[in-house]
Amino acid sequence: MDSKIEIKVTNPKNGDKVVHSVRPGRATSPSPSSQPSQSSDGRRRRQGQGYGHGEGEGQRNRGREGQQAGRLIDFMPFKKWVPWMIPGFVLVNIFLFMITMYINNCPKNSKKCVGSFLGRFSFQPFKENPLLGPSSSTLEKMGALEVSKVVKSRQAWRMISCMWLHAGVFHILANMLSLLFIGIRLEQEFGFVRIGMLYLIAGFGGSILSSLFIQTGISVGASGALFGLLGSMLSELITNWTIYSNKFAALLTLVLVIVINLAMGILPHVDNFAHIGGFISGFLLGFVFLIRPQFGYVSQKKVPPGYIAPSRKPKHKTYQYVLWVCSLILLIAGFAIGLILLLRGVNLNEHCSWCHYMSCIPTPLWSCKNRQVYCQSTEFGKSLNLTCISNGKSEIYPLTEESTSQVQQLCSKLCG
(Lines give C-alpha, C1' and ligand atoms only; values in the text may rest on other atoms or scores of the structure.)
Protein backbone atom coordinates (compact mmCIF):
# COMPACT_ATOMS: atom_id res chain seq x y z
CA MET A 1 0.00 0.00 0.00
CA ASP A 2 1.56 3.26 -1.15
CA SER A 3 1.97 6.10 1.30
CA LYS A 4 3.03 9.63 0.50
CA ILE A 5 6.17 11.38 1.63
CA GLU A 6 6.43 15.17 1.77
CA ILE A 7 9.57 16.59 0.21
CA LYS A 8 10.28 20.14 1.42
CA VAL A 9 12.31 22.27 -0.96
CA THR A 10 14.34 24.51 1.29
CA ASN A 11 16.94 26.05 -1.02
CA PRO A 12 16.42 29.83 -0.75
CA LYS A 13 15.31 31.85 -3.75
CA ASN A 14 12.39 34.15 -4.63
CA GLY A 15 9.13 32.64 -3.41
CA ASP A 16 8.54 30.26 -0.51
CA LYS A 17 8.95 26.69 0.51
CA VAL A 18 7.11 24.15 -1.62
CA VAL A 19 5.76 20.79 -0.53
CA HIS A 20 5.47 18.11 -3.20
CA SER A 21 4.18 14.59 -2.72
CA VAL A 22 5.98 11.61 -4.22
CA ARG A 23 5.59 7.93 -3.63
CA PRO A 24 8.25 5.84 -1.90
CA GLY A 25 10.76 3.97 -3.96
CA ARG A 26 11.06 6.74 -6.56
CA ALA A 27 13.81 9.34 -6.82
CA THR A 28 12.87 12.99 -6.66
CA SER A 29 14.89 13.77 -9.75
CA PRO A 30 15.09 12.02 -13.11
CA SER A 31 17.72 9.32 -13.41
CA PRO A 32 18.67 6.95 -16.20
CA SER A 33 17.00 4.07 -14.39
CA SER A 34 13.68 5.90 -14.23
CA GLN A 35 13.57 6.59 -17.99
CA PRO A 36 12.08 4.08 -20.52
CA SER A 37 14.56 1.75 -22.20
CA GLN A 38 15.80 3.07 -25.54
CA SER A 39 16.74 -0.37 -27.02
CA SER A 40 13.62 -0.92 -29.21
CA ASP A 41 9.90 -0.20 -29.34
CA GLY A 42 9.21 -3.87 -28.89
CA ARG A 43 11.07 -3.95 -25.58
CA ARG A 44 9.13 -0.97 -24.29
CA ARG A 45 5.90 -2.79 -25.19
CA ARG A 46 7.01 -5.98 -23.48
CA GLN A 47 7.79 -4.03 -20.29
CA GLY A 48 4.32 -2.55 -20.36
CA GLN A 49 2.71 -5.89 -20.99
CA GLY A 50 4.32 -7.34 -17.89
CA TYR A 51 1.96 -5.31 -15.64
CA GLY A 52 -1.77 -5.09 -15.38
CA HIS A 53 -3.59 -2.08 -16.81
CA GLY A 54 -3.79 -0.32 -13.43
CA GLU A 55 -0.15 -0.98 -12.62
CA GLY A 56 0.94 0.37 -15.99
CA GLU A 57 -1.06 3.54 -15.48
CA GLY A 58 0.38 3.91 -11.97
CA GLN A 59 3.87 3.45 -13.38
CA ARG A 60 3.30 6.26 -15.89
CA ASN A 61 1.81 8.52 -13.19
CA ARG A 62 4.77 7.88 -10.92
CA GLY A 63 7.08 8.68 -13.81
CA ARG A 64 5.34 12.01 -14.38
CA GLU A 65 5.50 12.77 -10.65
CA GLY A 66 9.21 11.98 -10.60
CA GLN A 67 9.85 14.28 -13.57
CA GLN A 68 7.78 17.05 -11.96
CA ALA A 69 9.69 16.60 -8.69
CA GLY A 70 12.89 16.78 -10.67
CA ARG A 71 11.86 20.16 -12.00
CA LEU A 72 10.85 21.29 -8.50
CA ILE A 73 14.11 20.25 -6.90
CA ASP A 74 15.79 23.19 -8.68
CA PHE A 75 13.10 25.61 -7.53
CA MET A 76 14.42 27.62 -4.60
CA PRO A 77 11.82 29.60 -2.59
CA PHE A 78 14.13 32.37 -1.27
CA LYS A 79 16.86 34.17 -3.12
CA LYS A 80 20.30 33.83 -1.56
CA TRP A 81 22.07 37.19 -1.55
CA VAL A 82 25.82 37.59 -1.74
CA PRO A 83 26.87 39.51 1.40
CA TRP A 84 29.06 42.52 0.64
CA MET A 85 27.57 45.36 2.68
CA ILE A 86 28.32 43.93 6.15
CA PRO A 87 31.99 43.21 5.30
CA GLY A 88 32.07 46.74 3.87
CA PHE A 89 30.73 48.15 7.14
CA VAL A 90 33.47 46.30 9.01
CA LEU A 91 36.16 47.79 6.77
CA VAL A 92 34.72 51.30 7.17
CA ASN A 93 34.75 50.98 10.97
CA ILE A 94 38.36 49.76 10.97
CA PHE A 95 39.42 52.51 8.56
CA LEU A 96 37.80 55.22 10.71
CA PHE A 97 39.46 53.80 13.82
CA MET A 98 42.85 54.07 12.10
CA ILE A 99 42.10 57.68 11.12
CA THR A 100 41.06 58.43 14.71
CA MET A 101 44.31 57.02 16.06
CA TYR A 102 46.31 59.01 13.48
CA ILE A 103 44.59 62.25 14.52
CA ASN A 104 44.94 61.36 18.20
CA ASN A 105 48.77 61.36 17.95
CA CYS A 106 49.39 60.33 21.55
CA PRO A 107 53.16 61.16 21.64
CA LYS A 108 52.41 64.79 20.82
CA ASN A 109 49.56 65.29 23.29
CA SER A 110 50.47 63.01 26.21
CA LYS A 111 53.57 62.36 28.28
CA LYS A 112 53.15 58.59 28.37
CA CYS A 113 51.66 56.31 25.72
CA VAL A 114 50.97 52.59 25.43
CA GLY A 115 52.77 50.98 22.51
CA SER A 116 55.06 53.93 21.85
CA PHE A 117 56.79 51.94 19.06
CA LEU A 118 53.63 52.58 16.99
CA GLY A 119 54.45 56.27 16.78
CA ARG A 120 51.46 58.52 16.40
CA PHE A 121 49.24 55.40 16.33
CA SER A 122 50.16 54.56 19.94
CA PHE A 123 47.41 54.40 22.56
CA GLN A 124 46.48 56.64 25.44
CA PRO A 125 47.59 55.55 28.97
CA PHE A 126 45.52 52.78 30.57
CA LYS A 127 44.28 55.12 33.29
CA GLU A 128 42.73 57.31 30.63
CA ASN A 129 41.56 54.63 28.21
CA PRO A 130 41.83 50.96 29.28
CA LEU A 131 40.47 49.79 25.91
CA LEU A 132 43.66 50.68 24.00
CA GLY A 133 42.35 53.64 22.09
CA PRO A 134 42.35 57.41 21.62
CA SER A 135 41.44 60.18 24.03
CA SER A 136 37.88 61.30 24.55
CA SER A 137 38.70 64.72 23.08
CA THR A 138 39.78 63.07 19.82
CA LEU A 139 36.60 61.01 19.70
CA GLU A 140 34.61 64.19 20.28
CA LYS A 141 36.34 65.84 17.30
CA MET A 142 35.57 62.82 15.15
CA GLY A 143 31.84 62.95 15.92
CA ALA A 144 31.15 61.14 19.19
CA LEU A 145 27.68 61.50 20.69
CA GLU A 146 27.65 64.39 23.17
CA VAL A 147 24.21 65.50 24.32
CA SER A 148 25.14 69.13 24.91
CA LYS A 149 26.33 69.52 21.31
CA VAL A 150 23.26 67.76 19.94
CA VAL A 151 20.83 69.91 21.96
CA LYS A 152 22.56 73.28 22.15
CA SER A 153 24.57 73.29 18.94
CA ARG A 154 21.99 71.27 16.99
CA GLN A 155 24.62 68.78 15.82
CA ALA A 156 22.14 65.96 15.31
CA TRP A 157 24.52 64.26 12.86
CA ARG A 158 26.47 63.01 15.88
CA MET A 159 23.66 60.52 16.54
CA ILE A 160 24.70 58.72 13.34
CA SER A 161 28.44 59.41 13.26
CA CYS A 162 28.94 57.93 16.74
CA MET A 163 27.92 54.52 15.34
CA TRP A 164 31.10 54.39 13.25
CA LEU A 165 33.57 55.27 16.02
CA HIS A 166 35.06 53.03 18.69
CA ALA A 167 36.83 53.70 21.96
CA GLY A 168 39.63 51.18 21.53
CA VAL A 169 41.01 47.99 20.03
CA PHE A 170 39.04 45.74 22.39
CA HIS A 171 35.87 47.69 21.68
CA ILE A 172 36.08 47.50 17.88
CA LEU A 173 37.23 43.87 17.92
CA ALA A 174 34.20 42.73 19.93
CA ASN A 175 31.74 44.75 17.86
CA MET A 176 33.10 43.79 14.45
CA LEU A 177 33.19 40.07 15.25
CA SER A 178 29.57 40.31 16.40
CA LEU A 179 28.62 42.25 13.28
CA LEU A 180 30.13 39.59 11.01
CA PHE A 181 28.50 36.75 12.96
CA ILE A 182 25.00 38.30 12.98
CA GLY A 183 24.97 40.58 9.94
CA ILE A 184 26.24 38.27 7.22
CA ARG A 185 23.52 35.70 7.88
CA LEU A 186 20.81 38.39 7.75
CA GLU A 187 22.20 39.97 4.58
CA GLN A 188 22.30 36.57 2.88
CA GLU A 189 18.64 36.01 3.72
CA PHE A 190 17.17 39.49 3.16
CA GLY A 191 19.60 41.51 1.04
CA PHE A 192 21.66 44.62 1.65
CA VAL A 193 18.85 47.19 1.25
CA ARG A 194 16.65 46.00 4.10
CA ILE A 195 19.50 45.05 6.43
CA GLY A 196 21.35 48.30 5.72
CA MET A 197 18.27 50.39 6.54
CA LEU A 198 17.59 48.31 9.64
CA TYR A 199 21.19 48.74 10.84
CA LEU A 200 21.16 52.53 10.48
CA ILE A 201 17.68 53.14 11.88
CA ALA A 202 18.23 50.85 14.86
CA GLY A 203 21.55 52.55 15.62
CA PHE A 204 19.79 55.93 15.49
CA GLY A 205 17.14 54.63 17.90
CA GLY A 206 19.87 53.53 20.29
CA SER A 207 21.41 57.02 20.16
CA ILE A 208 18.06 58.62 21.01
CA LEU A 209 17.48 56.54 24.14
CA SER A 210 21.10 56.91 25.21
CA SER A 211 20.89 60.71 24.91
CA LEU A 212 17.72 60.86 26.99
CA PHE A 213 19.33 59.08 29.96
CA ILE A 214 23.09 59.74 29.74
CA GLN A 215 23.52 63.51 29.81
CA THR A 216 27.25 63.73 30.56
CA GLY A 217 30.28 62.36 28.78
CA ILE A 218 30.47 60.98 25.26
CA SER A 219 29.26 57.76 23.67
CA VAL A 220 30.62 55.83 20.68
CA GLY A 221 30.21 52.37 19.18
CA ALA A 222 28.09 50.23 16.89
CA SER A 223 26.46 48.36 19.78
CA GLY A 224 23.04 49.98 19.31
CA ALA A 225 22.92 48.92 15.66
CA LEU A 226 24.16 45.43 16.55
CA PHE A 227 21.42 44.98 19.13
CA GLY A 228 19.00 46.19 16.45
CA LEU A 229 20.04 43.28 14.24
CA LEU A 230 19.65 40.94 17.20
CA GLY A 231 16.15 42.29 17.93
CA SER A 232 15.16 41.91 14.28
CA MET A 233 16.14 38.23 14.39
CA LEU A 234 13.61 37.71 17.19
CA SER A 235 10.78 39.53 15.41
CA GLU A 236 11.61 37.77 12.15
CA LEU A 237 11.23 34.42 13.91
CA ILE A 238 7.85 35.50 15.30
CA THR A 239 6.37 36.96 12.12
CA ASN A 240 7.63 34.11 9.89
CA TRP A 241 6.69 31.42 12.42
CA THR A 242 5.09 29.08 9.89
CA ILE A 243 8.24 28.51 7.80
CA TYR A 244 10.44 27.29 10.66
CA SER A 245 10.75 23.64 11.66
CA ASN A 246 12.31 23.65 15.17
CA LYS A 247 10.41 26.73 16.26
CA PHE A 248 10.65 26.57 20.04
CA ALA A 249 14.29 25.49 20.07
CA ALA A 250 15.21 28.44 17.84
CA LEU A 251 13.15 30.82 19.99
CA LEU A 252 14.68 29.69 23.29
CA THR A 253 18.20 29.85 21.89
CA LEU A 254 17.71 33.36 20.54
CA VAL A 255 16.09 34.65 23.74
CA LEU A 256 18.97 33.23 25.78
CA VAL A 257 21.54 35.00 23.59
CA ILE A 258 19.63 38.30 23.88
CA VAL A 259 19.30 38.06 27.67
CA ILE A 260 23.02 37.33 28.10
CA ASN A 261 24.03 40.27 25.91
CA LEU A 262 21.68 42.70 27.63
CA ALA A 263 22.88 41.47 31.03
CA MET A 264 26.43 42.45 30.07
CA GLY A 265 25.18 46.02 29.86
CA ILE A 266 24.76 46.33 33.62
CA LEU A 267 28.54 46.58 33.97
CA PRO A 268 29.91 50.06 34.64
CA HIS A 269 31.05 52.27 31.74
CA VAL A 270 28.78 50.37 29.32
CA ASP A 271 26.01 52.32 27.60
CA ASN A 272 23.20 49.81 28.02
CA PHE A 273 20.59 52.42 27.08
CA ALA A 274 21.99 52.41 23.55
CA HIS A 275 21.72 48.60 23.58
CA ILE A 276 18.10 48.71 24.76
CA GLY A 277 17.10 51.47 22.35
CA GLY A 278 18.71 49.67 19.42
CA PHE A 279 17.13 46.35 20.39
CA ILE A 280 13.61 47.82 20.65
CA SER A 281 14.03 49.65 17.33
CA GLY A 282 15.34 46.55 15.59
CA PHE A 283 12.60 44.38 17.08
CA LEU A 284 9.90 46.66 15.63
CA LEU A 285 11.74 47.06 12.32
CA GLY A 286 11.92 43.29 11.93
CA PHE A 287 8.12 43.09 11.67
CA VAL A 288 8.23 45.78 8.97
CA PHE A 289 11.27 44.83 6.86
CA LEU A 290 11.68 41.07 7.35
CA ILE A 291 8.15 39.77 6.67
CA ARG A 292 7.98 36.71 4.40
CA PRO A 293 5.22 34.71 2.70
CA GLN A 294 3.70 32.03 4.89
CA PHE A 295 4.49 28.34 4.49
CA GLY A 296 2.58 26.77 1.61
CA TYR A 297 2.26 29.94 -0.48
CA VAL A 298 3.42 29.47 -4.08
CA SER A 299 3.92 32.45 -6.39
CA GLN A 300 2.48 31.55 -9.79
CA LYS A 301 5.19 33.64 -11.47
CA LYS A 302 7.98 31.64 -9.88
CA VAL A 303 6.80 28.03 -10.27
CA PRO A 304 8.55 25.78 -12.80
CA PRO A 305 6.86 25.16 -16.17
CA GLY A 306 4.13 22.55 -16.02
CA TYR A 307 3.71 22.65 -12.24
CA ILE A 308 0.23 23.29 -10.88
CA ALA A 309 0.07 24.44 -7.26
CA PRO A 310 -2.23 22.18 -5.19
CA SER A 311 -3.85 25.18 -3.46
CA ARG A 312 -3.67 28.94 -3.67
CA LYS A 313 -2.97 30.11 -0.13
CA PRO A 314 -2.82 33.83 0.71
CA LYS A 315 0.66 35.30 0.71
CA HIS A 316 0.54 36.56 4.31
CA LYS A 317 -1.46 35.67 7.37
CA THR A 318 -3.64 38.18 9.20
CA TYR A 319 -1.34 38.31 12.22
CA GLN A 320 1.55 39.33 9.95
CA TYR A 321 -0.40 42.35 8.68
CA VAL A 322 -1.42 43.30 12.24
CA LEU A 323 2.17 43.12 13.49
CA TRP A 324 3.37 45.14 10.48
CA VAL A 325 0.90 47.99 11.07
CA CYS A 326 1.30 48.10 14.88
CA SER A 327 5.09 48.03 14.70
CA LEU A 328 5.23 50.83 12.13
CA ILE A 329 2.94 53.03 14.25
CA LEU A 330 4.92 52.37 17.44
CA LEU A 331 8.21 53.01 15.66
CA ILE A 332 7.17 56.35 14.17
CA ALA A 333 5.56 57.50 17.42
CA GLY A 334 8.55 56.45 19.53
CA PHE A 335 11.08 58.22 17.32
CA ALA A 336 8.99 61.38 17.14
CA ILE A 337 8.44 61.59 20.92
CA GLY A 338 12.08 60.75 21.64
CA LEU A 339 13.42 63.46 19.33
CA ILE A 340 11.03 66.07 20.73
CA LEU A 341 12.09 65.29 24.31
CA LEU A 342 15.77 65.28 23.35
CA LEU A 343 15.71 68.63 21.55
CA ARG A 344 13.90 70.13 24.55
CA GLY A 345 16.75 68.99 26.78
CA VAL A 346 14.68 66.57 28.86
CA ASN A 347 16.58 64.26 31.22
CA LEU A 348 14.48 61.13 31.72
CA ASN A 349 16.40 60.21 34.87
CA GLU A 350 14.47 62.98 36.61
CA HIS A 351 11.19 61.24 35.73
CA CYS A 352 12.31 57.67 36.41
CA SER A 353 14.12 57.06 39.68
CA TRP A 354 14.98 53.42 38.96
CA CYS A 355 15.83 53.52 35.25
CA HIS A 356 19.54 54.03 35.90
CA TYR A 357 19.69 50.41 37.14
CA MET A 358 19.05 49.27 33.55
CA SER A 359 22.51 50.53 32.62
CA CYS A 360 24.50 49.73 35.76
CA ILE A 361 23.74 47.78 38.94
CA PRO A 362 26.11 48.55 41.85
CA THR A 363 27.78 45.57 43.50
CA PRO A 364 30.64 45.09 46.01
CA LEU A 365 32.93 44.62 42.99
CA TRP A 366 32.23 47.97 41.34
CA SER A 367 30.47 51.27 41.80
CA CYS A 368 28.15 52.90 39.30
CA LYS A 369 28.86 56.42 40.50
CA ASN A 370 31.21 58.44 38.37
CA ARG A 371 34.02 59.88 40.43
CA GLN A 372 33.62 63.64 40.23
CA VAL A 373 36.79 65.72 40.00
CA TYR A 374 36.97 69.48 40.32
CA CYS A 375 39.64 71.89 39.15
CA GLN A 376 40.18 75.60 39.40
CA SER A 377 41.13 77.19 36.09
CA THR A 378 42.93 80.47 35.47
CA GLU A 379 43.91 81.99 32.14
CA PHE A 380 47.31 83.65 31.65
CA GLY A 381 47.62 85.04 28.15
CA LYS A 382 47.67 82.00 25.88
CA SER A 383 47.96 79.49 28.74
CA LEU A 384 45.42 77.73 30.94
CA ASN A 385 46.39 76.94 34.53
CA LEU A 386 44.45 74.09 36.10
CA THR A 387 44.64 73.23 39.80
CA CYS A 388 43.07 70.03 41.13
CA ILE A 389 41.00 70.77 44.24
CA SER A 390 41.43 67.28 45.75
CA ASN A 391 45.22 66.92 45.60
CA GLY A 392 46.40 70.49 44.95
CA LYS A 393 48.37 69.61 41.80
CA SER A 394 48.69 72.32 39.16
CA GLU A 395 49.54 72.19 35.48
CA ILE A 396 49.76 74.77 32.68
CA TYR A 397 48.30 73.89 29.29
CA PRO A 398 48.36 75.78 25.99
CA LEU A 399 45.15 77.77 25.68
CA THR A 400 43.05 76.69 22.71
CA GLU A 401 39.36 76.61 21.97
CA GLU A 402 38.78 73.84 24.45
CA SER A 403 35.30 72.48 25.00
CA THR A 404 33.90 71.70 28.43
CA SER A 405 34.53 67.96 27.99
CA GLN A 406 38.17 68.57 27.00
CA VAL A 407 38.81 70.72 30.07
CA GLN A 408 37.14 68.04 32.20
CA GLN A 409 39.42 65.45 30.63
CA LEU A 410 42.50 67.52 31.51
CA CYS A 411 41.18 67.89 35.03
CA SER A 412 40.65 64.12 35.34
CA LYS A 413 44.22 63.46 34.24
CA LEU A 414 45.53 66.03 36.72
CA CYS A 415 43.54 64.57 39.65
CA GLY A 416 44.15 60.95 38.68
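The basis for the numbers below is simple: all heavy atoms, side chains too, and nothing from hydrogens, waters or symmetry mates. All values reported here derive from a predicted model rather than from experimental measurement.
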When you compare the side chain of [Y] with that of [X], does any pair of heavy atoms fall below 4.5 Å?
X	Y	result
Q124	K112	no
V147	I214	no
E128	S135	yes
L212	N347	no
S207	C162	yes
F123	M101	yes
M264	V270	no
S281	F204	no

Reported [atom1]-to-[atom2] distance for the pair [X] and [Y], which is rounded to 0.5 angstrom:
X	Y	atom1	atom2	answer
I182	L229	CD1	CG	6.5 Å
I218	L145	CD1	CG	9.0 Å
S122	F117	OG	CZ	9.0 Å

Do the rings of [X] and [Y] sit parallel, tilted or perpendicular, given the 30° and 60° boundaries?
X	Y	answer
H166	H171	perpendicular
F287	F283	perpendicular
F227	H275	parallel

Taking the side chain from [X] and the backbone from [Y], do they hold a donor-acceptor pair closer than 3.5 Å?
X	Y	value
S161	G143	yes
N93	I172	no
Y319	T239	yes
T253	A249	yes

Could you please spell out the steps behind the side chain to side chain contact (heavy atoms under 4.5 Å, CB included) verdict for I99 and M142?
CA-CA 9 Å; I99 293 178; M142 293 293 294; 4.1 Å; yes
Looking only at heavy atoms, what is the nearest atom pair of [X] and [Y], with distance?
X	Y	result
L132	V114	CD2-CG1, 3.8 Å
A202	G228	CB-CA, 3.6 Å
L290	R194	CA-NH1, 4.4 Å
M176	V90	SD-CA, 3.7 Å
I266	M358	CG2-O, 4.3 Å
V150	L343	O-CD2, 4.4 Å

Does [atom1] in [X] sit with more than 12 non-hydrogen atoms of other residues, nucleotides or ligands closer than 6.0 Å?
X	atom1	value
W324	CH2	no
Y321	OH	yes
F181	CZ	no
R344	CZ	no

Are F97 and W164 close enough, and set up right, to give a ring-ring contact (aromatic ring centres under 6.0 Å, His included), and what steps lead you there?
CA-CA 8 Å; F97 181 72; W164 306 93; over 10 Å; no
Test L262 against every option in I260, V259, I258 by the side-chain contact (heavy atoms from CB on, under 4.5 Å) rule and name the one that passes.
I258
Is it true that the side chains of Q188 and R185 contain a donor and an acceptor less than 3.5 Å apart?
no
Could you verify whether a donor N or O on one side chain and an acceptor N or O on the other, from T138 and N104, lie under 3.5 Å apart?
yes
For W84 and F192, what are the C-alpha separation, side-chain angles and deciding distance, and is it a ring-ring contact (aromatic ring centres under 6.0 Å, His included)?
CA-CA 8 Å; W84 60 267; F192 70 93; 5.0 Å; yes
Distance under 6.0 Å and angle within 45° of the ring axis: does R292 meet both against F190?
yes
